[in-house]
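Below is one structure, written out as structure tokens, with a few remarks after it.
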Amino acid sequence: MRILHCCLACFYNEDYNYQENLLPRQNKQDGHEVWILASTEVFQNNKEIGYIEPQTYTNKEGIKVVRVPYRRIFNDQISHKIRSYKGVYSILEEFEPDVILFHGMGAWELKNIVKYVKKNNVKLYIDNHSSLLNSGKSRLSREILHGIFYKNILKRALPVTEKILCIAMDEYDMAKTVYRVPEDKLELWPLGGTIYSDNEYDRRRHVCRKQLGISEDKIIFLHSGKMDKLKKTCELLSAFHEVSDGKFILLIVGELLQNIEAEAKKLIEADRRICYLGWKSGSELYDLLMAADIYIQPGNMSATMQNAMCCRCAVVVQPTEIYKYFLGEDGIYVKTQEDIRRVLEDLSKNPERINEVRKKHFKRACEVLDYKQIAARLYEGR
């Protein structure tokens with residue numbers, strides 16, 4: 001099967017652990033021919049959007065990546081919002097895909113995809129990563145850009161689209177309420193992760209802990225991402241200070257943003273059990289997750305939570321609808337610094353509980369988060 005991933009409604013970076021990285025990799029491992037058609041938009045220095053030159057190359061997974069430039073419409077800002085590109089239709093004709101997954105609902109270029117699908121026997125899926133928490137925050141964006149411009153383009157695509165695949169319930173709700181997608185076209189299709197064999201997991205866990213100089217008897221907590229006030233990083237650090245268990249280690253992986261940087265660094269420096277590792281690549285983060293025992297994310301949601309479950313971590317998260325869907329009654333949920341402290345105290349007094357929870361969360365990951373199963377959705381054609 002020939003599968004085309006279109007990353008034309010968003011940035012695309014190599015060596016991230018995002019869906020548009022892991023899903024094509026899984027398609028390739030499953031024996032399919034895979035191309036990625038992407039914009040020149042990238043996330044630079046883990047801080048801001050930037051652009052690279054149009055180019056074609058084969059990435060380290062053996063997947064052909066074609067980066068196409070924006071058509072300039074009035075100015076760069078408007079071009080970025082409209083998302084029309086040069087040469088897309090000819091690339092479709094060259095590759096002749098059997099399945100197209102268009103990542104994101106908002107792009108003018110979806111029109112060319114629809115034109116090609118109508119002329120050929122191709123299955124089109126569109127996934128949705130947009131919710132009112134991360135998109136359409138202003139009235140102008142919500143009601144004009146999403147509610148009229150992107151919505152009308154998507155409306156024309158719906159008759160030839162198999163499903164709109166939503167990564168979580170907030171994204172499902174936005175597709176339903178802002179884009180007015182009929183429910184029979186909507187499907188919950190969560191972000192997932194890669195599950196490694198027992199031997200590979202044990203090997204990578206041992207190697208990573210050895211590199212970190214952390215013995216097997218230590219209990220490693222890991223917190224990651226672009227950390228700001230909404231991630232509740234400082235609340236986590238403060239709660240960790242209050243529970244003086246010598247076996248606890250807290251790894252902070254990612255970037256401390258300006259609105260918490262000074263406070264967070266002060267808290268980190270005050271406790272030798274806390275180690276700030278800075279930003280890591282996707283593969284490095286996976287190794288760290290396998291070395292860890294507990295992934296703790298008390299604030300804003302992060303796709304790393306799903307990766308952590310696949311890496312056999314217990315996870316401590318806020319009680320959002322999608323996390324409850326993943327974890328149910330087996331979840332460990334926190335909202336406040338006091339909640340975090342109580343959970344840490346409980347795990348300190350009852351360390352045997354950690355492995356019990358890890359097993360439950362890994363079992364759930366195998367059921368709903370394994371990208372091998374998620375990818376098969378594209379092959380089934382249902």
Side-chain angles (χ1 to χ4, degrees), residues 12-26 28-29 43 45-46 59-63 191-227 231 233 236-237 240 247-256 268 272-297 301-317 326 347 354-355 357-359 361-366 369-372 374-375:
Y12 173 76
N13 279 58
E14 295 288 356
D15 204 28
Y16 274 36
N17 283 336
Y18 289 167
Q19 184 197 62
E20 54 267 32
N21 304 100
L22 299 181
L23 190 56
R25 182 191 305 169
Q26 186 63 57
K28 182 73 174 178
Q29 290 173 355
F43 202 57
N45 303 318
N46 307 303
N59 68 17
K60 68 180 184 181
E61 278 83 37
I63 296 168
L191 301 176
T194 302
I195 293 177
Y196 290 94
S197 68
D198 292 349
N199 288 341
E200 181 67 3
Y201 165 78
D202 289 340
R203 184 189 69 80
R204 291 174 70 167
R205 178 180 173 88
H206 174 74
V207 169
C208 190
R209 281 198 171 220
K210 186 176 180 180
Q211 290 172 342
L212 292 168
I214 299 175
S215 60
E216 290 293 337
D217 65 320
K218 298 294 186 183
I219 298 167
I220 299 179
F221 294 79
L222 190 146
H223 175 71
S224 70
K226 294 187 285 288
M227 289 162 277
K231 277 285 195 291
T233 302
L236 167 60
L237 292 167
F240 196 81
K247 288 192 174 182
F248 281 6
I249 301 289
L250 175 59
L251 303 181
I252 304 295
V253 182
E255 182 185 5
L256 299 169
I268 290 168
R272 63 182 181 181
R273 300 174 302 159
I274 302 174
C275 182
Y276 176 50
L277 300 177
W279 193 266
K280 297 294 179 182
S281 70
S283 57
E284 289 171 327
L285 178 57
Y286 244 82
D287 284 338
L288 289 165
L289 288 169
M290 283 189 265
D293 301 292
I294 299 160
Y295 180 73
I296 185 161
Q297 191 70 282
M301 292 193 298
S302 169
T304 305
M305 193 282 289
Q306 288 94 309
N307 298 155
M309 289 176 65
C310 292
C311 290
R312 312 180 192 219
C313 289
V315 296
V316 179
V317 292
F326 291 139
L347 296 177
I354 296 171
N355 280 335
V357 177
R358 289 178 66 198
K359 288 176 183 177
H361 289 184
F362 181 60
K363 180 176 182 292
R364 185 61 174 156
C366 293
L369 296 177
D370 184 358
Y371 260 129
K372 191 167 184 62
I374 292 171

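Numbers here are sequence positions counted from 1.
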**Message:** Walk me through whether Cys208 and Leu288 qualify under side chain to side chain contact (heavy atoms under 4.5 Å, CB included).
**Reply:** CA-CA 7 Å; Cys208 190; Leu288 289 165; 3.8 Å; yes

**Request:** Give the intermediate values and the outcome of side chain to side chain contact (heavy atoms under 4.5 Å, CB included) for residues Val317 and Phe326.
**Result:** CA-CA 11 Å; Val317 292; Phe326 291 139; over 6 Å; no

**Request:** Go through Asp202 and Arg312 one step at a time and tell me if the salt bridge (charged side-chain N to carboxylate O under 4.0 Å, His left out) criterion holds.
**Result:** CA-CA 11 Å; Asp202 289 340; Arg312 312 180 192 219; 5.9 Å; no

**Prompt:** What do the steps show when you test Ile195 against Lys372 for side chain to side chain contact (heavy atoms under 4.5 Å, CB included), and what is the final call?
**Reply:** CA-CA 9 Å; Ile195 293 177; Lys372 191 167 184 62; over 6 Å; no

**Prompt:** Between Leu237 and Ile252, is a side chain to side chain contact (heavy atoms under 4.5 Å, CB included) present by the stated rule, with each step listed?
**Reply:** CA-CA 10 Å; Leu237 292 167; Ile252 304 295; 4.1 Å; yes

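Residues Lys60 and Asp15 meet the side-chain proximity criterion, which asks for heavy atoms closer than 4.5 Å. Leu212 has its side chain out of reach of Ile249: every pair of non-hydrogen atoms, C-beta onward, lies at least 4.5 Å apart. Using a 4.5 Å heavy-atom cutoff, the side chains of Leu347 and Ile294 are in contact. The shortest side-chain heavy-atom distance between Gln29 and Arg25 falls under the 4.5 Å cut-off. Taking 4.5 Å as the limit, some side-chain heavy atom of His206 sits within range of a side-chain heavy atom of Glu216.
Once rounded to the nearest 0.5 Å, the distance linking CZ of Phe240 with CZ of Arg273 reads 4.0 Å. Taken to the nearest 0.5 Å, the OH atom of Tyr371 stands 5.0 Å off from the CG atom of Leu191. Rounded to the nearest 0.5 angstrom, Met305 CE and Cys310 SG are separated by 9.5 Å. To the nearest 0.5 Å, atoms CG (Leu289) and CG (Leu251) are separated by 10.0 Å. If you take CD1 on Ile63 and CD on Glu14, they are separated by 8.0 Å, rounding to the nearest 0.5 Å. Interatomic distance, CD1 of Ile219 versus CG of Leu250, reported as 13.0 Å (0.5 Å rounding).
Here the shortest heavy-atom pairing between His223 and Ile296 reads ND1-O, 2.9 Å. Of all heavy-atom pairs spanning Ala314 and Val357, the tightest one is CB-CG1, 3.6 Å. Cys313 and Ala292 get closest at one heavy-atom pair: SG-O, 3.8 Å. Minimum interatomic distance between Lys247 and Asp217 (heavy atoms only, all atoms of both residues): CD-O, 3.8 Å. Considering every non-hydrogen atom in both Ala291 and Ile220, the closest pair reads O-CD1, 3.6 Å.
Side-chain contact check for Ser197 and Asn199: no donor-acceptor pair (N or O, by modelled atom type) lies under 3.5 Å.
In this structure, His361 contributes its side chain and Met309 its backbone to no donor-acceptor pair below 3.5 Å. For Tyr276 (side chain) and Gly254 (main-chain N/O), a donor-acceptor pair under 3.5 Å exists by modelled atom type. At least one donor-acceptor pair closer than 3.5 Å links the side chain of Asn21 to the backbone N or O of Asn13.
Residues passing the side chain to side chain donor-acceptor pair (under 3.5 Å) test with Tyr295 are Ser224, Gln297, sequence neighbours excluded. With sequence neighbours excluded, the residues that form a ring pair (Phe, Tyr, Trp, His ring centres under 6.0 Å) with Phe248 are Phe221. Remark: Glu284 pairs with Ser281 by the side chain to side chain donor-acceptor pair (under 3.5 Å) rule, at least two apart or across chains. When the side chain to side chain donor-acceptor pair (under 3.5 Å) test is applied to Arg204, the partners found at least two apart in sequence or on another chain are Tyr196, Asp287. Applying the ring pair (Phe, Tyr, Trp, His ring centres under 6.0 Å) rule to Tyr18 yields the partners Tyr16; only residues at least two apart in sequence or on another chain are considered. With sequence neighbours left out, the side chain to side chain donor-acceptor pair (under 3.5 Å) criterion links Asp293 to Arg205, Arg209, Arg358.
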